[in-house]
Each structure stands twice: as C-alpha cells, then as structure tokens.
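Here is the naming used below: chain letters follow the sequence lines, and residue numbers restart at 1 for every chain. Just so you know, these numbers use all the heavy atoms, side chains as well, and skip hydrogens, waters and symmetry mates.
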2 protein chains.
Amino acid sequence: MPDVDPPGWELPLLLFAGFRTLIDQLHESLAAHGHPDVRPVHGFAMQAIGVHGASISEVGRRLGVSKQAAGKTVDRLAALGYVERVDDPRDARSKLVRLTPRGLDSLRLAAEIFEALRADWVVQLGAERVRSLESSLRTVIPAAGYPVDVPGWFG
Amino acid sequence: MPDVDPPGWELPLLLFAGFRTLIDQLHESLAAHGHPDVRPVHGFAMQAIGVHGASISEVGRRLGVSKQAAGKTVDRLAALGYVERVDDPRDARSKLVRLTPRGLDSLRLAAEIFEALRADWVVQLGAERVRSLESSLRTVIPAAGYPVDVPGWFG
DNA sequence: TAGGATCGACAACGTGGTTGTCCAAACCGT
DNA sequence: ACGGTTTGGACAACCACGTTGTCGATCCTA
C-alpha cells in the first residue's frame, strides 16, 4: 500500500525548481554583498574564465557556445567591471580575459554561499539524504560535461 | 570515515544536469515521433494553455511572464501549428488560445515519454531512491510555483 | 615559404524577455 | 444608465543571449 508514484512530468519540474532555488538564493546573497548586477549566466562564464584567465575562444569551448557568443558575454562582464582583456604576450592574435579583483571577489563569495546553501539542505534533509541525492543524480546523468548555453538551449 | 562531502557548487550543477538530461531525452523522443520543431519553452507554454485553452493574459500569468511575451510565444506556436486563436464568445476583447490536434498529440506524447523516463531512473536507481529524491526536493523548494521565464531569468 | 588552422572582430539574424503606449471592451459604483 | 477604472491584446522599441557567415591577422607546420 505505498502511495502511488508521482507522475513522470513532476521529476523535471522538481529538479529545475531545486536548481532555481539555489541560484536565486545565491544571487540574493550576492546582491546583498555588493554584487547586485551579476546574472546567473555571468557566474558560469566567470567560472569558465577561471582564476588564471583564458582566451575568448577557450571560454567559448568551455561553455559550449560559439566564440562570438562568448565574446559578447565577456563584453558585458567587462562593462560590469568583473573582467578585463589584456594582450597575450605569447600570441599576438589572442587576448587574455582575466578576472578583476571584483570578479575574483564574486567568485570567492559564490563558493562560500554555495557551501552555506548545501549546509542548509543538510539541516533540512540530513547529511545522508543530501549525499544520496547527489549520488543518484551522478548515476543518471551522462558523464559528459554540460554546455551552459541555457537561454539558447531552452528557447 | 565517510568520504568528504562534495563542494557546494556541485549541487546546482547536478540538479541542472538532471533537468537537462530529462528535457533533452524528451525532445529527442518527441522529434523521433513527428515533433522535431518543438522547443522546451514551447512545452511549458502548451502546458500553461492546457487542454481547455486559455487567454493570452492567462497564459502569461501562468508562466510568470508578461502578456506580451506570452503573445509572442503563442505566435510561434501558432506558426508551428500547435495552437490556434479563436474568438472568445463571452468576451469580445479576448481571444481564446486552443491547442490544435497536433498540439494535443505532443502533450499526450510528452506525458508518456516523461513516464518512461522516470521508469528508466527507477531501473537505474530503484523505486525507493527515486521517491526519496523527489521527496527531498519537495522539502527544500519553496511551496510557491515557479515561473518558467527561463531564458530571461538566467541571462 | 606556402598553405592551412586559429583568434577575435563585425554584421545580420532568430528567439525570448522587458517597458511603454494605445484602444476597445468589460466591469462596477454611484 | 452612465462614467471611471480595470482588463485584454496589439504594436513598437529595446536588451540579452544565442546562431552563421565573413574577414584580416597571426601562428603553425609540412
């Protein structure tokens, strides 16, 4: 006499709602700590740039988008002061995209906040259920990394 | 001696990857069954329209987007042959958006596919772990429904 | 050194959002 | 029954993010 299983269409909704909950809480907290203008897509892009910097093309490859799209995102990040372009001394074609101190700060903060958010889940669910959730998801998702072309992918 | 917990930033990635996996598999299957042009956002919009139809404004409210945005999405859905606009006999201002037989077919198919996808997860994880994942997520996400303005939200 | 690959810029376009404006129709309080 | 307010939908302008295609400059390699 177990309850009937929920309909299949609820699973993607729950996963998305969980994702969105975390991202919304992240950006709420980021906004409260001096980063009100950064959007979810910017966080992924800065992650792709990394602390050592990267070329536009490399950023595009890491995000799974064209280098043109990566270039535009870098432009906006630069306008917000999170990123700067410097000439690559080893390749006159290439410009290195580097995080500014502000960009590094936002990345550091985001890591802290994600840690706190996971800790919240542990409080609500218990450490075991959170680990179980993570391990279940690791089982069902393909090994390959996921492109982060969310807006284009979805719409 | 439990393993160290994964970093907090992995949780949103896993949730998103799970969501994306399901949606990608859905649309792969949909494409193989005569619906190659429908995009994720269209499925959510058709869900919002529902089998009984709805006005543009109502669709916008259900999706959590402006009525203008809802109108544009309905336009594209209409161009693809999934919905039609008919005059609302009870309100001369309003036009009722209704699913065409093709639209209804895609909705019925999507429900079947989501059911099969969940069954796949049950095969991989066991019924109990899938139920546990669903119940964990229900615990941590806010009760309120989630807007489906994904592209605009993310970018 | 010549040919091919790669880097980044520019342009044009599609799609999904937003605001603001507008008019016609519906609703509601006097 | 009328007049003010709310609502439905269309139109326009704009922004963000993605796509292709093109191009000159630079690098690598046969």
Side-chain angles (χ1 to χ4, degrees), chain A residues 20 23 27 37-46 48-49 53-80 82-98 146-155, chain B residues 20 23 27 37-46 48-49 53-80 82-98 146-155:
Chain A
R20 179 151 185 167
I23 298 294
H27 283 277
D37 294 327
V38 64
R39 315 275 305 125
V41 74
H42 298 153
F44 285 91
M46 286 192 278
I49 292 165
S55 69
I56 294 277
S57 293
E58 181 58 28
V59 171
R61 281 190 294 266
R62 290 181 189 169
L63 291 176
V65 303
S66 65
K67 57 185 180 178
Q68 292 87 336
K72 286 207 249 179
T73 298
V74 166
D75 282 345
R76 272 140 217 160
L77 240 18
L80 292 172
Y82 284 90
V83 138
E84 60 185 358
R85 294 178 141 114
V86 301
D87 288 333
D88 186 332
R90 293 173 320 211
D91 188 337
R93 296 169 303 175
S94 182
K95 305 232 176 109
L96 200 58
V97 182
R98 251 191 342 210
Y146 262 96
V148 195
D149 57 338
V150 178
W153 164 71
F154 199 74
Chain B
R20 180 152 185 166
I23 298 294
H27 283 277
D37 294 325
V38 66
R39 315 276 305 123
V41 73
H42 297 151
F44 285 89
M46 285 193 278
I49 293 166
S55 70
I56 295 275
S57 293
E58 181 57 29
V59 170
R61 280 191 294 266
R62 291 182 189 168
L63 291 176
V65 302
S66 65
K67 57 187 181 176
Q68 292 87 335
K72 286 209 251 177
T73 298
V74 165
D75 282 346
R76 272 139 216 163
L77 239 19
L80 292 171
Y82 284 89
V83 306
E84 58 184 359
R85 293 177 140 116
V86 300
D87 288 334
D88 186 333
R90 293 171 321 207
D91 189 335
R93 294 170 305 176
S94 180
K95 304 232 177 109
L96 200 58
V97 181
R98 250 189 346 208
Y146 261 96
V148 195
D149 56 340
V150 180
W153 164 71
F154 199 74

### Query
So what does A:V148 touch, heavy atoms closer than 4.0 Å: a base, only the sugar-phosphate, or nothing?
sugar-phosphate
### Query
Just the endpoints, please: which first and last nucleotides of DNA chain C, 5' to 3', lie under 4.0 Å from a heavy atom of chain A?
C:dT6 to C:dG16
### Message
Could you measure the distance from the CG atom of B:D75 to the CZ atom of B:R85? Nearest 0.5 Å is fine.
### Response
4.5 Å
Pick out the pairs of N or O atoms, protein on one side and nucleotides 21-25 of chain D on the other, that lie under 3.5 Å.
unit_1 : atom_1 : unit_2 : atom_2 : d
D:dG21 : O6     : A:Q68  : NE2    : 2.5

### Message
In the structure I gave you, are the side-chain heavy atoms of A:M46 and A:Y82 within less than 4.5 Å of one another anywhere?
### Response
yes
## Note on the structure
A:D75 atom CG is separated from D:dC15 atom C1', nearest whole Å, by 14 Å
### Query
Separation of B:F154 atom CZ from D:dG18 atom C1', in whole Å?
13 Å
### Query
Does A:R76 put a side-chain nitrogen or oxygen below 4.0 Å from OP1 or OP2 of D:dG18?
no
### Query
Touch check for A:G155, heavy atoms < 4.0 angstrom, all strands: base, sugar-phosphate only, or nothing?
sugar-phosphate
### Query
Under the salt bridge (charged side-chain N to carboxylate O under 4.0 Å, His left out) rule, what pairs show up with a residue in residues 53-64 of chain A, not counting sequence neighbours?
A:E58-A:R61, A:E58-A:R62
### Distance below 4.0 Å between B:S94 side-chain N/O and D:dG9 OP1 or OP2
yes
### Task
Report the residue (B:G152 or A:L96) whose heavy-atom-nearest nucleotide on DNA chain C is the more 5′ of the two.
A:L96
### Query
Do B:K95 and D:dG8 have a side chain to base donor-acceptor pair shorter than 3.5 Å?
no
### Summary
Atom CD of B:E58 and atom P of D:dG8 are separated, to the nearest Å, by 8 Å
### Message
In whole Å, I'd like the distance from the CG atom of A:L77 to the C1' atom of D:dC17.
### Response
13 Å
Donor-acceptor list for residues 88-95 of chain B side chains, cut-off 3.5 Å, not counting sequence neighbours:
unit_1 : atom_1 : unit_2 : atom_2 : d
B:D88  : OD1    : B:R90  : N      : 2.8
B:D91  : OD1    : B:R93  : N      : 3.0
B:D91  : OD1    : B:R93  : NE     : 3.2
B:D91  : OD2    : B:R93  : NH2    : 2.9

### Summary
Per the under-4.0 Å heavy-atom filter, residues of residues 84-92 of chain A near DNA chain D come out as A:D91, A:A92
### Message
Counting the atoms with a prime plus P, OP1 and OP2 as sugar-phosphate, which does A:S66 contact under 4.0 Å by heavy atoms, base, sugar-phosphate, or nothing?
### Response
base
### Task
Specify the residues of residues 37-45 of chain B, ordered by number, for which at least one heavy atom lies under 4.0 angstrom from an atom of DNA chain C.
B:V41, B:H42
